[in-house]
Amino acid sequence: MRFRDTLSGEVKEFTPIAEGRVNIFVCGPTVYDYIQLGNARTFVFFDMFVKYLRAIGYEVFYLQNITDLDDKTLTRAKEEKKEWDEVSNFYYKAYLDDCKSLDIDSVSHHARATLYLEEIKSQILRLIKLGYAYASSDGVYFDTSKFRDYGKLSKQNLDQIIMGARVEIRASKKNPQDFVLWKLADDKPNWNSPWGSGRPGWHIEDTAITEHFFGPEYDVHGGGTDLIFPHHEAEIAQMRSISGSKFLSKYWIHGAFLNFKGEKMSKSTGNVVKVRDLVKSSPGSAVRYFLLNSNYSSEMLYTDEVFQSSVEGWKRLQKAFSIANSFHKCTEECRIEKDSADIIAFMDDDLKTREIIASLHDIASEIFKGKVAEKQMITYVHKFRFANKFLGIFSEQATNLGQIMGPLLQVRKELREMGLYKESDMIRSKLKDAGIVIEDKSGETTWSIGG
RNA sequence: GGAUAGGUGGCAGAGUGGUUAUGCGCGGGACUGCAGAUCCCGUCUAUUAGGGUUCAAAUCCCUACCUAUCCUCCA
């Protein structure tokens with residue numbers, strides 16, 4: 001398998017440190033508000049990625065941090081007149097709910113930053129001892145001039161960063177681009193430390209957490225492209241300075257942005273679409289379809305119109321899946337891997353989920369033409385089910401419902417033959433309310449989930 | 001100013017040297033109790049512009065213009 005690695009800037013062959021096992025870390029949200037669709041793009045992508053790795057036999061530990069304390073948390077707490085941890089507990093739970101609505105359930109462990117204060121302080125202590133960090137008037141800073149590879153991930157040149165003139169100039173820093181490891185603070189929440197009571201800086205929580213679970217090196221680090229600089233750059237500087245290792249994560253994957261009318265979807269510009277609002281009107285699987293029907297490394301556009309046209313495409317595919325699935329039950333593993341060589345090939349070539357979806361649409365067209373031989377239909381079902389293991393774009397409820405739908409449709413057919421259309425239409429309309437769409441074609445009636 | 005991606009039909013968005021991407025939309029027809037879906041046909045030379053390499057370029061090279069993101073918290 002190969003995919004785009006940010007550090008080398010190339011599409012690279014994937015070989016984990018330990019054969020058959022993958023340790024992956026993905027930056028989670030700062031829980032001070034509901035997540036929006038742009039966040040979801042990244043989280044759905046990595047959920048899909050991890051599920052695929054598992055589907056092809058890797059043992060994966062998927063670790064995600066939760067930033068449960070930040071300046072934004074404190075601002076929010078003030079606004080809502082609540083304690084900071086009430087705010088982060090509330091939005092952490094909301095985050096988990098939103099993930100659930102999008103079928104994101106592959107994370108092995110969520111690590112909350114404030115539960116790792118000892119690990120954080122230990123790292124800062126070691127950085128100071130080794131001469132990479134210094135205590136200053138308002139906190140402890142990482143001395144970026146001591147770490148030669150600072151800027152390598154983002155391919156930035158330190159001199160030019162300074163020329164950017166947007167770097168905070170503070171007298172307490174030795175270099176403008178130095179970043180804070182520990183912020184001194186007298187107000188709560190704060191914790192004791194050898195440098196005075198205060199709060200951890202943002203970048204240090206991730207390396208403290210990953211060192212705790214994985215040690216100084218692991219296989220894949222993921223996140224959105226906005227985190228490349230300075231966040232991930234800082235993580236590399238922190239951990240490699242401590243470990244002396246050549247790398248922190250062997251591979252770096254960054255998901256591109258979801259944009260809204262030419263600009264990034266962000267809270268500051270107020271153009272966000274919250275996940276919980278979107279899933280009220282569209283199934284989570286349709287949202288996943290929309291997000292995965294793109295290249296993870298390319299920016300994509302969201303507008304209501306574009307999203308709705310994507311939902312139409314999803315409906316078509318879902319219908320084809322339901323038809324195939326009711327035609328052939330595949331409860332066990334069957335031959336799904338063997339029949340899915342083309343899908344595996346697409347994934348192995350830079351995780352081309354969009355190509356997979358296009359190929360499923362080709363299958364859908366064949367199914368709708370109604371001339372698919374039984375043997376062929378079985379391989380189609382296998383492909384659908386294999387792809388769905390990681391794409392998660394089809395509702396699978398169809399299999400259980402089949403037992404009820406058969407007899408029910410038979411009754412309705414008899415009603416229609418007797419000309420009792422009022423009664424038969426009522427059945428159709430009630431089923432639609434329940435999320436089941438039935439359609440009459442010459443001679444037979446089909447049903448599917450969604451619509 | 002620097003860095004990184006890009007500029008493809010009405011819309012979204014694949015494709016890295018030669019073949020119909022795919023979906024949505026639009027027009028016409030078929031099917032139908034109605035609805036919906038589906039099928040068939042069509043949607044004019046779709047590849048930012050100008051050079052170059054090549055038998056052949058959306059795909060490689062050069063130039064120009066344009067866009068997004070990052071350089072500040074951000075998925």
Side-chain angles (χ1 to χ4, degrees), chain A residues 4 6 9 26-30 32-33 35-46 67 70-72 75 151 153-168 177 202 222-231 233 254-259 262-269 289-290 293-295 297-303 305-317 319-320 323 346 352-362 364-365 367-371 416-417 419-422 424-425 428-429 432 437-443 445-446 448 451:
Chain A
R4 184 166 291 281
T6 312
V26 175
C27 288
T30 301
Y32 74 103
D33 200 351
I35 61 162
Q36 42 92 355
L37 196 59
N39 301 303
R41 185 185 184 191
T42 302
F43 300 140
V44 165
F45 168 74
F46 284 104
T67 304
D70 182 270
D71 289 347
K72 291 188 289 284
T75 309
L153 181 72
S154 55
K155 290 153 189 76
Q156 296 273 357
N157 175 315
L158 283 192
D159 302 334
Q160 285 154 353
I161 292 172
I162 298 163
M163 273 168 65
R166 290 210 284 174
V167 178
E168 185 185 9
Q177 67 273 24
W202 175 42
T225 53
D226 54 336
L227 297 180
I228 296 172
F229 192 93
H231 185 53
E233 205 75 72
H254 288 96
F257 279 121
L258 178 70
N259 292 333
E263 51 180 33
K264 171 182 159 184
M265 190 175 276
S266 75
K267 282 161 193 155
S268 56
T269 48
Y289 172 93
F290 171 70
N293 198 193
S294 70
N295 263 351
S297 54
S298 304
E299 288 172 12
M300 65 184 291
L301 178 76
Y302 175 92
T303 65
E305 294 73 27
V306 167
F307 179 73
Q308 280 313 318
S309 70
S310 167
V311 171
E312 292 307 311
W314 170 80
K315 281 182 190 169
R316 181 179 165 84
L317 217 48
K319 189 184 296 293
I323 292 170
F346 282 132
K352 290 196 164 60
T353 52
R354 189 167 227 288
E355 297 291 327
I356 293 171
I357 289 173
S359 76
L360 296 181
H361 271 292
D362 289 338
S365 296
I367 289 171
F368 288 135
K369 280 173 195 163
K371 290 175 187 166
R416 291 175 68 222
E417 279 165 357
L420 298 170
Y421 294 122
K422 211 181 252 178
S424 68
D425 285 359
R428 179 170 65 194
S429 122
K432 195 180 181 194
V437 178
I438 62 174
E439 292 157 74
D440 297 318
K441 296 172 189 175
S442 45
T445 300
T446 62
S448 56

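By convention in this document, chain letters (A, B, ...) are assigned in the order of the sequence lines, proteins followed by strands, and residues within each chain are numbered from 1.
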Notebook entry, point to check: What is the distance from NZ of Lys72(A) to C1' of A75(B), rounded to the nearest Å?
Noted result: 12 Å

Note to self: Using whole Å, what does the distance between atom P of nucleotide A35(B) and atom CD1 of Ile438(A) come to?
What the structure shows: 15 Å

Next item on the list: To the nearest Å, give me how far apart CG (Leu258(A)) and P (A5(B)) are.
Entry: 21 Å

Notebook entry, point to check: Hey, does Gln36(A) reach any base, or is it just sugar-phosphate, or nothing, if we go heavy atoms under 4.0 Å?
Noted result: base

Next item on the list: Please report, rounded to the nearest Å, how far the C1' atom of C24(B) is from the CG atom of Leu317(A).
Entry: 13 Å

Notebook entry, point to check: What is the distance from atom CG of Asn293(A) to atom CD1 of Ile357(A), rounded to the nearest 0.5 Å?
Noted result: 4.0 Å

Next item on the list: Give the minimum heavy-atom separation between Arg41(A) and Ser294(A), together with the two atoms involved.
Entry: NH2-OG, 3.1 Å

Notebook entry, point to check: Using a cut-off of 4.0 Å on non-hydrogen atoms, how would the nucleic acid contact of Asn295(A) be classed: base, sugar-phosphate, or nothing?
Noted result: sugar-phosphate

Next item on the list: Could you tell me which non-hydrogen atom of Phe229(A) sits nearest to which non-hydrogen atom of Ser154(A), and how far apart they are?
Entry: CD1-OG, 3.2 Å

Notebook entry, point to check: Are Lys315(A) and Val437(A) close enough, and set up right, to give a side-chain contact (heavy atoms from CB on, under 4.5 Å), and what steps lead you there?
Noted result: CA-CA 11 Å; Lys315(A) 281 182 190 169; Val437(A) 178; over 6 Å; no

Notebook entry, point to check: If you find the nucleotide of RNA chain B closest to Ser297(A) and the one closest to Glu305(A), which residue's nucleotide is nearer the 5' end?
Noted result: Ser297(A)

Next item on the list: Can you figure out which of C34(B), A75(B), U22(B) approaches the side chain of Thr42(A) most closely?
Entry: A75(B)

Notebook entry, point to check: Rounding to a whole Å, what distance do you find between Phe307(A):CZ and G13(B):P?
Noted result: 15 Å

Margin query: Roughly how many Å apart are C66(B) and G17(B), using the C1' atom of each and rounding to a whole number?
Written below: 26 Å

Note to self: Expressed as a whole number of angstroms, how long is the span from Glu312(A):CD to C26(B):P?
What the structure shows: 10 Å

Note to self: Please report the interatomic distance NZ(Lys319(A)) to CD(Glu439(A)), rounded to the nearest 0.5 Å.
What the structure shows: 3.0 Å

Notebook entry, point to check: Measuring from Arg4(A):CZ to Ser298(A):OG, what's the distance to the nearest 0.5 Å?
Noted result: 8.5 Å

Check: Which sits closer to the 5' end of RNA chain B, Arg416(A) or Gly224(A), going by the nucleotide each is nearest to?
Finding: Arg416(A)

Notebook entry, point to check: Which part of the nucleic acid does Leu360(A) contact within heavy-atom distance under 4.0 Å: base, sugar-phosphate only, or nothing?
Noted result: nothing

Checklist line | G25(B) to A37(B) separation - P atoms, rounded to the nearest Å | finding: 9 Å

Margin query: Between G13(B) and Asn293(A), counting only base atoms on the nucleotide and side-chain atoms on the residue, is there a donor-acceptor pair under 3.5 Å?
Written below: no

Note to self: Would you measure the distance from the C1' atom in G1(B) across to the matching atom in U20(B) and give it in whole Å?
What the structure shows: 46 Å

Next item on the list: Look at the side chain of Lys155(A) and decide which nucleotide, out of A68(B), A3(B), C73(B), has an atom nearest to it.
Entry: A3(B)

Check: Any idea which heavy atoms bring Leu301(A) and Val306(A) closest together, and the distance?
Finding: O-CG1, 3.8 Å

Margin query: Once you apply a heavy-atom cut-off of 4.0 Å, does Thr303(A) come out as touching a base, just sugar-phosphate, or nothing?
Written below: nothing

Check: Rounded to whole angstroms, how far apart are CD on Gln156(A) and C1' on A5(B)?
Finding: 14 Å

Margin query: Using every non-hydrogen atom in the two residues, find where Gly313(A) and Tyr289(A) come nearest and quote the distance to one decimal.
Written below: C-OH, 3.7 Å

Checklist line | Aromatic plane relationship, Phe307(A) with Tyr302(A) - under 30° parallel, 30 to 60° tilted, over 60° perpendicular | finding: tilted

Margin query: Considering every strand and a 4.0 Å limit on heavy-atom distances, what is the contact class for Gly255(A): base, sugar-phosphate, or nothing?
Written below: nothing

Next item on the list: In sequence, state the C-alpha distance, the side-chain angles, and the governing distance for Ser365(A) and Phe368(A), and then conclude on side-chain contact (heavy atoms from CB on, under 4.5 Å).
Entry: CA-CA 5 Å; Ser365(A) 296; Phe368(A) 288 135; 5.7 Å; no

Checklist line | Nucleotide nearest Ala358(A) (side chain, heavy atoms from C-beta), chosen from G25(B), C71(B), U22(B) | finding: U22(B)

Next item on the list: Indicate the atoms forming the closest heavy-atom contact of Leu227(A) with Cys27(A), along with that distance.
Entry: CD1-CB, 3.6 Å

Margin query: Rounding to an integer number of Å, can you tell me how far Arg4(A) CZ sits from A5(B) C1'?
Written below: 9 Å

Checklist line | Per-pair stack call Tyr421(A) and G33(B), 5.5 Å, 30° | finding: yes

Checklist line | P gap between U67(B) and A21(B), integer Å | finding: 29 Å

Margin query: Generate the contact string for nucleotides 7-12 of chain B. Rules: B means base contact, S means sugar-phosphate contact only, - means no protein heavy atom under 4.0 Å.
Written below: -----S

Item checked: For Lys155(A) against Gly9(A), the heavy-atom pair lying closest together -> NZ-N, 4.1 Å

Next item on the list: Consider the side chain of Lys352(A), meaning its heavy atoms from C-beta on, and name the nucleotide among G15(B), A21(B), A75(B) that approaches it most closely.
Entry: G15(B)

Item checked: Nearest-neighbour nucleotide for the Phe229(A) side chain, A35(B), C70(B), G15(B) considered -> C70(B)

Nucleotide N/O to protein N/O under 3.5 Å, stretch nucleotides 39-42 of chain B:
{"residue": "C39(B)", "atom": "OP1", "partner": "Arg316(A)", "partner atom": "NH2", "Å": "3.0"}
{"residue": "C39(B)", "atom": "OP2", "partner": "Arg316(A)", "partner atom": "NH1", "Å": "3.4"}

Item checked: Trace of the side-chain contact (heavy atoms from CB on, under 4.5 Å) decision for Phe290(A) with Val44(A) -> CA-CA 11 Å; Phe290(A) 171 70; Val44(A) 165; over 6 Å; no

Notebook entry, point to check: C1' atom, A58(B) versus G15(B): distance in rounded Å?
Noted result: 9 Å

Check: Got a donor-acceptor contact below 3.5 angstrom from the Asn295(A) side chain to the Ser297(A) backbone?
Finding: no

Item checked: Lys319(A) side-chain proximity, nearest of A37(B), A75(B), C34(B) -> A37(B)

Check: Distance between the C1' atoms of C24(B) and C34(B), in whole angstroms?
Finding: 26 Å

Note to self: Please give the distance between the C1' atoms of A12(B) and G6(B) as a whole number of Å.
What the structure shows: 15 Å

Checklist line | Distance, P atom - from G2(B) to U63(B), rounded to whole angstrom | finding: 15 Å

Check: So what does the secondary structure string of RNA chain B come out as, 5' to 3', with Watson-Crick or wobble pairs under 3.5 angstrom, [ ] for crossing and | for pairs with another strand?
Finding: (((((((..(((.....[...)))((((((.......))))))....(((((..]....))))))))))))....

Next item on the list: Describe the nucleic acid contact of Leu227(A) in one word from base, sugar-phosphate, nothing, applying a heavy-atom distance below 4.0 Å.
Entry: sugar-phosphate

Check: Taking His254(A) as the fixed residue, which of Thr225(A), Thr42(A), Thr6(A), Asp226(A) is the one that meets the side chain to side chain donor-acceptor pair (under 3.5 Å) rule?
Finding: Thr6(A)

Next item on the list: Would you kindly check whether a donor in the side chain of Asp226(A) faces an acceptor in the base of C73(B), or vice versa, at under 3.5 angstrom?
Entry: no

